Amino acid sequence: MAPPSLSPSGLAAPTTGVRPQATAPPRRNRVGSRAERLAPLVLVAPAVLVIVVLRLWPLLLGINFSFTGDGDRNGTAVGLDNYLTLLDDPLFRTALGNVGLLVLLLPVAVAIPGLLATFIHLKVPGHRLYRGVYFFPAVLSPVIVGAIFTLLLAYDGPLNSLLGGLGIGPVDWLGDPDVAIFAVVGVHVWATFGMALVVFLAGFATLDSSLLDAAKVDGASLPQTIRHVIVPGLSRTIQFVFITTMIGMLTSMFGLLFVMTSGGPEGSTYLPEYYIWTQQGQMNRPALASAASTALFLIMLVVGLAQIAVLRRAAGKED
């Protein structure tokens with residue numbers, strides 16, 4: 001063994017260990033980690049490309065087209081003239097008023113499938129049959145549904161005959177301007193709540209069953225269980241159903257309106273999508289139709305964000 005080296009003062013110098021040099025990670029590992037980071041982007045890229053090409057780009061083109069003119073001014077920039085024309089059009093104002101009515105009726109349209117899903121989840125007698133019966137209208141075409149209910153709601157139709165047997169006078173369901181919009185919305189809710197029912201049932205599958213058992217042991221009534229257990233537990237599901245139901249009401253009622261009322265009587269059942277079709281397909285005013293489409297998009301965006309904010313605040317209070 002070699003003797004320890006001496007310092008100039010004659011004392012033994014302390015020995016220090018040699019620090020091993022840091023070795024760079026193998027190049028193969030760095031390449032692999034980079035590929036792992038890029039893999040999700042590569043997988044998402046086709047969907048993003050489809051959304052950009054088929055959704056966002058046409059939306060931007062439509063917004064740009066809404067600032068041009070129709071007829072003799074085709075292709076000419078007209079600024080906000082089309083939007084001012086919309087505000088002066090009584091049919092478009094009626095359509096906006098009906099949108100407000102739909103927003104007010106939206107909680108009812110969501111509560112119906114929510115309550116039915118609750119009864120099915122609690123296994124009421126015949127719940128397996130009810131699940132199929134409730135979903136059946138969702139597979140029917142809006143044109144077929146509209147034709148069926150046009151016959152049922154006719155002034156001399158079966159419903160008024162039934163009401164006459166009960167001593168109630170006939171109601172002009174599709175001919176009274178004050179009633180027609182409620183009739184069409186009611187038919188739409190009946191025809192589409194099956195999808196919301198399926199979503200609610202999927203939400204119940206994630207709900208902690210021990211909470212329901214605890215509420216039952218504590219003697220909570222059904223309304224108390226719904227308010228304090230089910231609604232907070234399904235807050236995310238309720239938000240999703242609210243948004244999708246609102247979008248369906250604003251963009252999926254054209255078939256019913258066309259078959260049942262054609263926007264009448266007196267334009268009382270006009271909605272923005274039907275107004276857009278009228279301006280584009282019948283009046284040959286595509287720029288004005290683009291302006292109405294842009295207005296509909298903004299309405300959906302504002303109403304959707306407002307609903308999310310309200311529902312989150314309500315869920316926060318429940319927590």
Side-chain angles (χ1 to χ4, degrees), residues 44-104 106 141-143 146 181 184-185 188 192 240 242-309:
V44 173
V48 174
L49 183 62
V50 170
I51 292 174
V52 171
V53 173
L54 299 181
R55 294 289 184 177
L56 295 182
W57 181 243
L59 175 63
L60 295 177
L61 290 178
I63 294 174
N64 180 69
F65 192 59
S66 69
F67 295 102
T68 62
D70 288 316
D72 296 336
R73 299 192 299 171
N74 184 23
T76 305
V78 296
L80 298 176
D81 286 0
N82 288 326
Y83 293 94
L84 296 176
T85 301
L86 290 178
L87 295 178
D88 290 336
D89 192 340
L91 282 179
F92 187 75
R93 291 200 299 268
T94 300
L96 292 182
N98 287 335
V99 169
L101 179 63
L102 293 181
V103 173
L104 294 178
L106 188 59
S141 166
V143 175
I181 185 63
V184 176
V185 172
H188 174 78
T192 58
F240 178 80
F242 257 93
I243 299 302
T244 54
T245 303
M246 179 204 69
I247 294 174
M249 282 185 166
L250 293 179
T251 62
S252 301
M253 291 183 61
F254 175 82
L256 288 179
L257 290 174
F258 185 82
V259 174
M260 297 180 68
T261 64
S262 298
E266 302 175 10
S268 61
T269 57
Y270 260 74
L271 287 173
E273 63 169 339
Y274 195 85
Y275 182 88
I276 293 168
W277 175 81
T278 301
Q279 299 301 322
Q280 173 71 41
Q282 294 184 337
M283 307 297 293
N284 193 24
R285 304 172 73 181
L288 187 63
S290 296
S293 300
T294 303
L296 176 59
F297 171 75
L298 294 176
I299 291 171
M300 293 171 55
L301 182 63
V302 172
V303 174
L305 293 177
Q307 288 175 351
I308 292 176

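The figures here come from the full heavy-atom set of this structure, side chains too, leaving out hydrogens, waters and symmetry mates. Since the structure is predicted, the reported quantities are computational estimates derived from the model, not experimental observations.
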message = For a 4.5 angstrom cut-off between non-hydrogen side-chain atoms, does Asp89 reach Gln279?
response = yes

Quick one: side chains of residues 264-274, donor-acceptor pairs under 3.5 Å with protein atoms, not counting sequence neighbours, listed by atom name and distance.
| residue | atom | partner | partner atom | Å |
| --- | --- | --- | --- | --- |
| Ser268 | OG | Pro265 | O | 2.8 |
| Thr269 | OG1 | Thr261 | OG1 | 2.8 |
| Thr269 | OG1 | Gly263 | O | 3.1 |
| Thr269 | OG1 | Gly264 | N | 3.4 |
| Thr269 | OG1 | Gly264 | O | 2.7 |
| Glu273 | OE2 | Met253 | N | 2.7 |
| Glu273 | OE2 | Phe254 | N | 2.9 |
| Tyr274 | OH | Ser262 | O | 3.2 |

remark   = Rounded to the nearest 0.5 Å, the CG atom of Leu96 sits from the CG atom of Leu101 at a distance of 12.5 Å

Table please: side-chain donor-acceptor pairs of residues 58-66 below 3.5 Å, with sequence neighbours left out.
| residue | atom | partner | partner atom | Å |
| --- | --- | --- | --- | --- |
| Ser66 | OG | Ile63 | O | 2.5 |
| Ser66 | OG | Tyr83 | OH | 2.7 |

message = Let's go through Met246 and Val103 carefully: what are the C-alpha distance in whole Å and the side-chain angles of both, what is the deciding distance for side chain to side chain contact (heavy atoms under 4.5 Å, CB included) to 0.1 Å, and is it a yes or a no?
response = CA-CA 7 Å; Met246 179 204 69; Val103 173; 5.5 Å; no

remark   = Between Val185 and Met249 the two heavy atoms that sit nearest each other are CG1-CE, 4.3 Å

task = Can you see which heavy atom on Gly255 is nearest to which on Pro142, and at what distance?
result = CA-CB, 4.3 Å

key: Exercise: identify the closest heavy-atom pair between Leu288 and Asn82   = CD1-O, 3.4 Å

For a quick test of your reading: what N or O donor-acceptor pairs under 3.5 Å do the side chains of residues 44-57 make, sequence neighbours left out?
none

query = When you look at Thr76 and Thr68, which way does the side chain to side chain contact (heavy atoms under 4.5 Å, CB included) test go after all the steps?
reply = CA-CA 5 Å; Thr76 305; Thr68 62; over 6 Å; no

request  = Rounded to the nearest 0.5 Å, what's the gap from CG on Leu80 to CG on Leu86? Could you check?
outcome  = 11.0 Å

message = My understanding is that only residues two or more places apart in sequence, or in another chain, count here; which of them pass side chain to side chain donor-acceptor pair (under 3.5 Å) with Asp81?
response = Arg73

Could you list the donor-acceptor pairs under 3.5 angstrom formed by side chains in residues 299-309, with sequence neighbours left out?
none

request  = Give, for atom CD of Gln282 and atom OG1 of Thr278, the distance between the pair rounded to the nearest 0.5 Å.
outcome  = 5.0 Å

ask   = Is there a side-chain contact between Val143 and Phe258 (heavy atoms, below 4.5 Å)?
value = no

message = Just so I know, are the side chains of Thr245 and Leu106 near enough to count as touching, which here means a heavy-atom distance under 4.5 Å?
response = yes

remark   = Taken to the nearest 0.5 Å, the spacing of Trp277 CH2 from Met283 CE works out to 11.5 Å

Side chains of residues 289-296: which donor-acceptor pairs under 3.5 Å do they make with residues two or more places apart or in other chains?
| residue | atom | partner | partner atom | Å |
| --- | --- | --- | --- | --- |
| Ser290 | OG | Pro286 | O | 3.0 |
| Ser293 | OG | Ala289 | O | 2.9 |
| Thr294 | OG1 | Ser290 | O | 2.9 |

request  = Please assess Asn98 against Thr94 for the test side chain to side chain contact (heavy atoms under 4.5 Å, CB included), listing each intermediate value before the final yes or no.
outcome  = CA-CA 6 Å; Asn98 287 335; Thr94 300; 4.0 Å; yes

Worked check of side chain to side chain contact (heavy atoms under 4.5 Å, CB included) between Val78 and Phe67 = CA-CA 6 Å; Val78 296; Phe67 295 102; 5.6 Å; no

query = Just how far is it from atom CD1 of Ile276 to atom CZ of Arg285, taken to the nearest 0.5 Å?
reply = 13.5 Å

